[in-house]
Amino acid sequence: MLAEMGWGFTDDEYKADLIVINTCAVREHAELRVLGNVGALTHTKKANAEQKIVLCGCMVQQEHRLEKIRRSFPYVDLVFGPHELWRFPELLEKMYLPHKGRIFEARDIDGERYEGLPVLRAPGVRAWLPIMNGCNNFCSYCVVPYVRGRERSRAPEQVVEEAREVIASGHREIYLLGQNVNSYGRDLGGETDFSALLRELNALDGDFIIRFMTSHPKDASDRLFETMAECEKVERHIHLPFQSGSDRVLRAMNRNYTSEHYYSLIEKARSLMPDIAVTSDVIVGFPGETEEEFEDTLRLVERVRFDMLFTFIYSPRVGTPAAEMPDPYTREEKQLRFDRLLELQNGISEQRQAELVGKTVRVLIDGVGEGSLTARTSCSRLVHVQGGSSLVGRFENVLITESNSWSLKGELT
Ligand code: SAH
Ligand code: SF4
């Protein structure tokens with residue numbers, strides 16, 4: 001939108017006429033960083049009186065954060081929530097009207113529009129493509145349903161059209177995004193579903209791959225795994241957050257599956273695609289999680305042997321049911337558990353990486369790193385490869401020669 005209005009980037013925050021900070025509300029740490037960054041802008045604003053400061057994104061959709069911004073940051077000129085994004089040009093214009101004062105627009109989602117917004121894609125290998133907005137699941141720890149509203153799927157024709165544009169502009173990887181992609185289409189009257197969408201995208205012409213996230217275990221079906229197995233452009237990788245290995249905690253989280261069901265999904269996926277990479281999210285220190293319950297999580301991690309795990313310490317979110325639950329464990333106790341989990345997973349990641357040494361894998365070369373090219377395997381593992389920058393954007397076969405916990409080294413074959 002800004003590009004269409006003639007704006008461009010600067011590296012110098014003192015010279016910037018406009019600073020826009022986009023925010024995330026999922027965990028407190030990110031919010032505190034935003035507040036710290038906004039605090040630091042007193043200096044730039046003092047040095048440049050014409051400068052305007054804009055805050056947007058999910059954080060400002062929360063009443064207590066709006067209050068904080070109103071009280072503590074009088075120099076923020078415009079605040080708008082994710083549902084007002086389509087009105088950004090209008091709000092910006094309003095902000096520049098004389099004597100308009102500060103503008104706060106973070107209402108509910110009525111009248112929201114998300115189709116037809118201008119998109120400026122940075123040139124590169126990967127393109128993000130949202131297929132839906134919002135979430136209906138109300139996991140008891142999570143703020144997303146409150147700040148993003150109910151699930152709204154984009155029409156399949158719109159998604160396919162955008163995918164065509166992305167492929168035509170030379171991107172090689174389409175990353176489909178949604179909070180729960182497995183329920184894609186449910187709100188469209190049952191005419192389509194995520195598997196049907198994958199098949200449609202898979203049938204498009206071009207040399208590209210498709211990835212997606214996030215899948216919710218309660219909605220991951222045999223149909224999804226069969227579709228993945230049959231679609232050659234869909235990468236053999238599933239990001240399937242399990243959150244906890246304890247059935248009591250899963251119930252308290254309102255996740256609607258058991259650890260046994262979760263494991264059966266992994267078995268099903270691996271039986272159809274033995275080489276599938278499995279990654280996941282897990283929360284340590286959910287309110288009241290006991291030592292024994294935490295060990296259930298360790299057991300599940302050992303049993304599944306994830307390729308990669310994103311580990312989080314529980315962060316209380318205002319307005320969610322979990323934030324009201326009794327929580328006798330201290331931050332230090334949670335940190336110790338977190339460290340144990342990380343150590344276990346680091347060992348598994350290292351072994352999983354080492355299993356690839358001596359194998360030839362297909363990678364997508366996606367950038368130029370320090371002294372080598374960077375590439376990604378189907379599971380998004382980082383591989384360093386020697387070669388010229390003209391290879392960026394190409395699919396190549398690579399013989400893996402070395403590994404550590406974080407990356408692999410390979411040679412073009
Ligand atoms: N829709 C996706 C993920 C959304 S948020 C899903 O359901 O899996 C990404 C991850 O952040 C979650 O999977 C969860 O592990 C973590 N997360 C969400 N809320 C959190 C909280 N309050 N504290 C700590 N981690 C949280
Ligand atoms: Fe949050 Fe659960 Fe929705 Fe994921 S599925 S966004 S964790 S409420």
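Just so you know, residue 1 is the first one in the sequence shown, and it goes up from there. Both ligands and their constituent atoms are indexed starting at 1 by order of listing. Atoms considered below: every heavy atom in the structure, side chains included; atoms not considered: hydrogens, waters and symmetry mates.
Not a single heavy atom of Val144 sits closer than 4.0 Å to an atom of ligand 1. Not a single heavy atom of Thr320 sits closer than 4.0 Å to an atom of ligand 1. At least one heavy atom of Val26 lies less than 4.0 angstrom from ligand 1. Residue-ligand proximity: Arg255 is placed with a non-hydrogen atom under 4.0 Å from ligand 2.
The pair Arg376-Asp366 meets the salt-bridge criterion, with a side-chain N (NZ, NE, NH1 or NH2) lying under 4.0 Å from an Asp/Glu carboxylate O.
Considering only non-hydrogen atoms, atom 10 (C) of ligand 1 lies nearest to Asp281 out of Asp281, Val181, Val284. Of the candidates Gln243, Arg255, Met253, it is Gln243 that places a heavy atom closest to atom 15 (O) of ligand 1.
Residue contacts with ligand 1 for Phe312 involve side-chain atoms from C-beta outward but no N, CA, C or O (heavy atoms, distance under 4.0 Å). Under 4.0 Å from ligand 2, the heavy atoms of Phe138 that appear belong solely to its backbone.
For Phe312 and Phe338, the ring centers sit 6.0 Å or farther from each other. Under the 6.0 Å cut-off for aromatic ring centres, His239 and Phe310 qualify, their centroids lying closer than that. Checked against a 6.0 Å centroid threshold, the rings of Phe194 and Phe212 count as neighbours.
Each of the atoms 2 (C), 6 (C), 8 (O) of ligand 1 lies under 4.0 Å from some heavy atom of Thr214. Distances below 4.0 Å separate heavy atoms of Ile313 from the following atoms of ligand 1: 24 (C).
Looking at atom 8 (S) of ligand 2, its nearest protein heavy atom turns out to be Cys139 N, 3.4 Å.
No donor-acceptor pair under 3.5 Å is formed between the side chain of Ser405 and the backbone N or O of Ser349.
Between His216 and ligand 1, no pair of N/O atoms sits closer than 3.5 Å.
Not one N/O/S atom of Cys135, from backbone or side chain, sits under 2.8 Å from atom 1 (Fe) of ligand 2.
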